[in-house]
Amino acid sequence: MLPAELLEEGQHLMAVCNSCRYCEGFCAVWQSMETRSIFEEKDLNYLANLCHNCSECYYSCQYSPPHEFAINPPKTFARLRAYTYELYAWPRPMATAFHKNGLKVTLLMVLILVAVMSSASFLLGGRLFMTVHDGNFYKIVPHMVMSVAFAVVGTFSALALLIGFLRFWRNVGESHSTLASPGAIATAAKDIFTLVNLDNGGDGCSYPKEKSSEALKWFHHATFYGFLSCFIATTLGAFYYFVLGQHGAPAFTSLPVIFGTIGGLGLIVGPIGLWIMMQRRNEEIVDKSQNGMDLSFIVLLVAISISGLLLLVLRQTAAMGSLLLIHLSFVMTLFLSMPYGRFVHGIYRSGALLKWSLERSRQKKVKAPA
Ligand code: SF4
Ligand code: SF4
């Protein structure tokens, strides 16, 4: 159950905004709001996850503080989102720990994973500090250690994300059967991959608005596509190793290295840019309780990229073993934190865009002549 004070704040916001409707052209939140007259917890949770916190509405609002209505959509939606991250999470105590101590929990996980993987590698004959090798990392960290670690961590993370998404879907009032809607999925996928609505964005930083909006969009793009590129690189690397039987260090001109390098650079530029822009935000519209969660996500992405690029350059030196363990521990910690940290915003926002797409197609059917 949504805390009474947060429910009241959300309903107050919607009561004022639904009477005013000045912001209706800004983003999907306002168009979706206008199709409702009653705002229960499920509606607030859905709208909060549809919001991407650009703050355009706040800067346009005649009822924002110091007006007595104290309308502050980005902050109210951010507080509601933080509540939903814990509500949908499985297991919930993990989400609470990440929310309260994001960076500390992240670092602790990295240390535990380094300790467990290095012990397992020693026990299974891995040669972590060998000085001459051909870059075949399975001679350093045994295949068994990597496969078991990634199978356990990957399965846990995928399961937690799936459970979280299904909890979100039911909580916002949709049945599982509505997930099988190809047309709505196609529209939502287009919205997701084009980062729809990120063209607006009065994020209150010191740049002129147009410039800041563009920068925000490009840092999001760098992060999103950097992540995708690294995922493609990892998949291609596995294909080269297991299907094509190429066990040595891949050439600098090979596809896994090219995708990995582009992705790694994107995941350095994007998250650091987003963090710099976040520091410039107006504190009035930020839910500071989420700073630790944001910082831990950004630190992890940058740490993965830097350790990955170092691994590429130093892969035929004695540093490879230690670097590989550290890099893999960062990657696995990212997997483990995905269902609880900032990453999960992407999952629930995608779900909210899918619901928005479904709502539009239902409205079209109602309006269509018999
Ligand atoms: S945020 Fe302000 S201007 Fe926008 S719809 Fe709400 S009350 Fe109106
Ligand atoms: S902060 Fe931006 S995305 Fe969120 S409701 Fe306001 S205009 Fe829409």
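Just so you know, residue 1 is the first one in the sequence shown, and it goes up from there. Counting starts at 1 for both ligands and their atoms, following the listed order.
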Note to self: Distance under 4.0 Å, heavy atoms only, partner ligand 1: which residues pass?
What the structure shows: V16, C17, C20, R21, Y22, C23, C61, Q62, Y63, I71, P73
Checklist line | Contacts of E86 that satisfy side-chain hydrogen bond (donor to acceptor under 3.5 Å, both in side chains) - sequence neighbours left out | finding: T96, H99
Notebook entry, point to check: For the residue pair F165 and F168, does the interplanar ring angle fall in the parallel (under 30°), tilted (30 to 60°) or perpendicular (over 60°) class?
Noted result: tilted
Check: Counting backbone and side chain alike, does C51 bring an N/O/S atom below 2.8 Å of atom 4 (Fe) of ligand 2?
Finding: yes
Check: H52 heavy atoms, cut-off 4.0 Å: which ligand 2 atoms fall inside?
Finding: 3 (S)
Next item on the list: Using a strict cut-off of 4.0 Å, indicate which atoms of ligand 2 neighbour a heavy atom of S55.
Entry: 1 (S), 2 (Fe)
Note to self: Using modelled atom types and a 3.5 Å cut-off, is there a donor and acceptor pairing between side-chain atoms of Y340 and backbone atoms of W90?
What the structure shows: yes
Notebook entry, point to check: Hey, is the main chain of E40 close enough, under 3.5 Å, to the side chain of D43 for a donor-acceptor pair?
Noted result: yes
Check: Of all the atoms in ligand 2, which lie at a distance below 4.0 Å from a heavy atom belonging to C27?
Finding: 3 (S), 5 (S), 7 (S), 8 (Fe)
Note to self: Tell me if a side-chain donor or acceptor on W356 pairs with a main-chain N or O of L50 at a distance below 3.5 Å.
What the structure shows: no
Notebook entry, point to check: With sequence neighbours excluded, what pairs up with R81 under the salt bridge (Lys or Arg N to Asp or Glu O under 4.0 Å) test?
Noted result: none
Check: Hey, does the side chain of T76 reach the backbone of P73 with a donor-acceptor pair shorter than 3.5 angstrom?
Finding: no
Check: Can you list the residues that meet the side-chain hydrogen bond (donor to acceptor under 3.5 Å, both in side chains) rule with S337, with sequence neighbours excluded?
Finding: none
